[in-house]
Trainee: 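Following this message is one structure expressed as structure tokens.
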Amino acid sequence: MKNEEDVIYFITTNKYKFNEIKKLFENEKIPYQLKQLNLETIEIQTESVKENASFKLNNAKSKVNCSCFVEDAGFFVDDPLNGFPGLYSSYVFKTIGNEGILRLINNFKQSKAHFIAIIALFFKPLNKDFLFEGRVEGRVSERIKGSRGFGFDPIFIPNKIHNKTFAELKIEEKNKISHRGKAWKEMIKFLKKN
Ligand code: ITT
């Protein structure tokens with residue numbers, strides 16, 4: 001029977017984010033058990049994903065008595081939207097959605113977009129916080145394609161995969177190249193060392 005020391009909580013309300021991370025965890029030999037804690041975290045109006053992730057963590061870590069992490073992610077359409085929706089990704093997805101984003105774009109071939117994920121970890125054994133970052137570059141698809149994933153996945157075509165959106169990839173394929181997968185690789189390196 002594992003005790004609380006061996007548990008790491010992923011504090012998130014988003015079951016898709018949790019499932020992606022769970023898959024990554026299953027592939028690694030780390031002496032921790034991953035659990036989801038579905039807790040609404042407070043987000044702040046800020047210019048930086050890192051700042052928001054740290055704020056979310058500070059707010060959440062007092063609620064658990066073991067190592068835990070939060071993740072803050074965003075979708076940035078660099079060309080032609082100068083980074084919109086970025087830190088407002090969640091709100092924009094709920095309001096105008098993928099259709100709304102597509103309506104704002106004329107030249108899809110020229111478009112540029114990226115996702116960022118910052119994981120903020122409170123690591124109990126060292127009683128300290130750590131940040132891990134991942135980023136993936138791509139462009140916006142002319143139309144909504146694919147039924148997997150969540151959020152902006154059906155309109156994001158990563159540079160590394162020819163003409164397929166994230167929503168057309170299996171979780172394992174997305175994880176290999178995604179912002180979340182990359183942030184996780186960094187965190188896993190850290191957990192193996194500590
Ligand atoms: P928690 O804060 O509870 O973890 P959330 O869904 O609010 O869940 P974020 O603030 O990190 O998570 O993400 C903001 C939005 O960005 C999210 O709701 C999605 O619409 C979008 N997003 C984040 N990661 C994504 C991904 O891998 N694929 C597609 N869209 C993503």
Side-chain angles (χ1 to χ4, degrees), residues 8-24 34-61 63-64 68-77 81 83-102 113-122 131-141 144-161 164-185 187:
I8 288 195
Y9 279 108
F10 181 9
I11 303 178
T12 179
T13 57
N14 187 321
K15 66 173 185 208
Y16 301 98
K17 278 168 57 165
F18 181 76
N19 286 341
E20 289 183 9
I21 294 300
K22 199 167 130 226
K23 267 265 185 280
L24 286 161
L34 178 72
K35 286 189 180 170
Q36 179 180 4
L37 187 62
N38 189 330
L39 195 75
E40 196 81 52
T41 45
I42 298 171
E43 302 207 2
I44 44 168
Q45 197 108 40
T46 153
E47 294 286 301
S48 129
V49 185
K50 274 190 182 153
E51 218 179 298
N52 208 14
S54 297
F55 188 86
K56 262 167 124 171
L57 180 66
N58 269 328
N59 180 255
K61 72 183 180 193
K63 310 214 162 68
V64 294
C68 62
F69 62 91
V70 298
E71 186 223 71
D72 202 46
F75 177 57
F76 298 75
V77 180
L81 305 181
F84 179 85
L87 289 153
Y88 306 101
S89 293
S90 187
Y91 179 70
V92 170
F93 184 75
K94 278 184 214 142
T95 50
I96 63 171
N98 285 326
E99 294 85 359
I101 297 283
L102 295 191
H114 70 272
F115 277 105
I116 287 184
I118 305 284
I119 292 169
L121 166 74
F122 168 65
L131 295 185
F132 306 94
E133 178 170 356
R135 182 178 168 128
V136 56
E137 304 289 337
R139 63 186 167 90
V140 182
S141 166
I144 292 172
K145 277 200 302 165
S147 54
R148 296 187 168 109
F150 67 100
F152 300 101
D153 282 345
I155 61 164
F156 179 73
I157 300 180
N159 288 341
K160 287 232 167 104
I161 306 250
K164 271 192 185 174
T165 66
F166 262 176
E168 293 178 286
L169 305 180
K170 295 196 183 105
I171 283 197
E172 295 87 341
E173 293 171 318
K174 180 183 169 190
N175 273 345
K176 263 190 207 150
I177 55 170
S178 76
H179 49 311
R180 184 159 301 108
K182 287 178 186 160
W184 269 86
K185 267 184 209 126
M187 172 148 144

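Just so you know, ligand 1 is whichever comes first in the structure, and atom 1 is the first atom listed for that ligand. Bear in mind the structure is a predicted one, so any value in this text is a computation, not a measurement.
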Trainee: What pairs with Phe93 under side-chain contact (heavy atoms from CB on, under 4.5 Å), at least two apart in sequence or on another chain?
Mentor: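 Scan of Phe93 (side-chain contact (heavy atoms from CB on, under 4.5 Å), adjacent residues dropped) gives Asn98, Phe152.
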
Trainee: Can you tell me how far CG of Leu37 sits from CD1 of Ile11, rounded to the nearest 0.5 angstrom?
Mentor: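 Answer rounded to 0.5 Å: 5.0 Å.
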
Trainee: Near ligand 1, which protein residues have a heavy atom under 4.0 Å away?
Mentor: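 Lining ligand 1 at under 4.0 Å, by heavy atoms, one finds Thr12, Thr13, Asn14, Lys17, Glu43, Lys56, Glu71, Asp72, Ala73, Ser89, Ser90, Phe93, Phe115, Phe150, Gly151, Phe152, Asp153, Lys174, His179, Arg180.
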
Trainee: Arg180: which residues meet the side-chain hydrogen bond (donor to acceptor under 3.5 Å, both in side chains) condition with it, sequence neighbours left out?
Mentor: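 Arg180: side-chain hydrogen bond (donor to acceptor under 3.5 Å, both in side chains) contacts with Glu20, Glu71.
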
Trainee: To the nearest 0.5 angstrom, please state how far the SG atom of Cys68 sits from the CG atom of Leu39.
Mentor: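 Reported value, rounded in 0.5 Å steps: 10.0 Å.
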
Trainee: How many angstroms lie between atom CZ of Phe76 and atom CZ of Phe115, to the nearest 0.5 angstrom?
Mentor: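 Phe76 CZ to Phe115 CZ: 10.0 Å, rounded to 0.5 Å.
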
Trainee: With sequence neighbours left out, write down each residue that passes side-chain hydrogen bond (donor to acceptor under 3.5 Å, both in side chains) with Tyr88, or none if nothing qualifies.
Mentor: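 By the side-chain hydrogen bond (donor to acceptor under 3.5 Å, both in side chains) rule, Tyr88 matches Gln45.
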
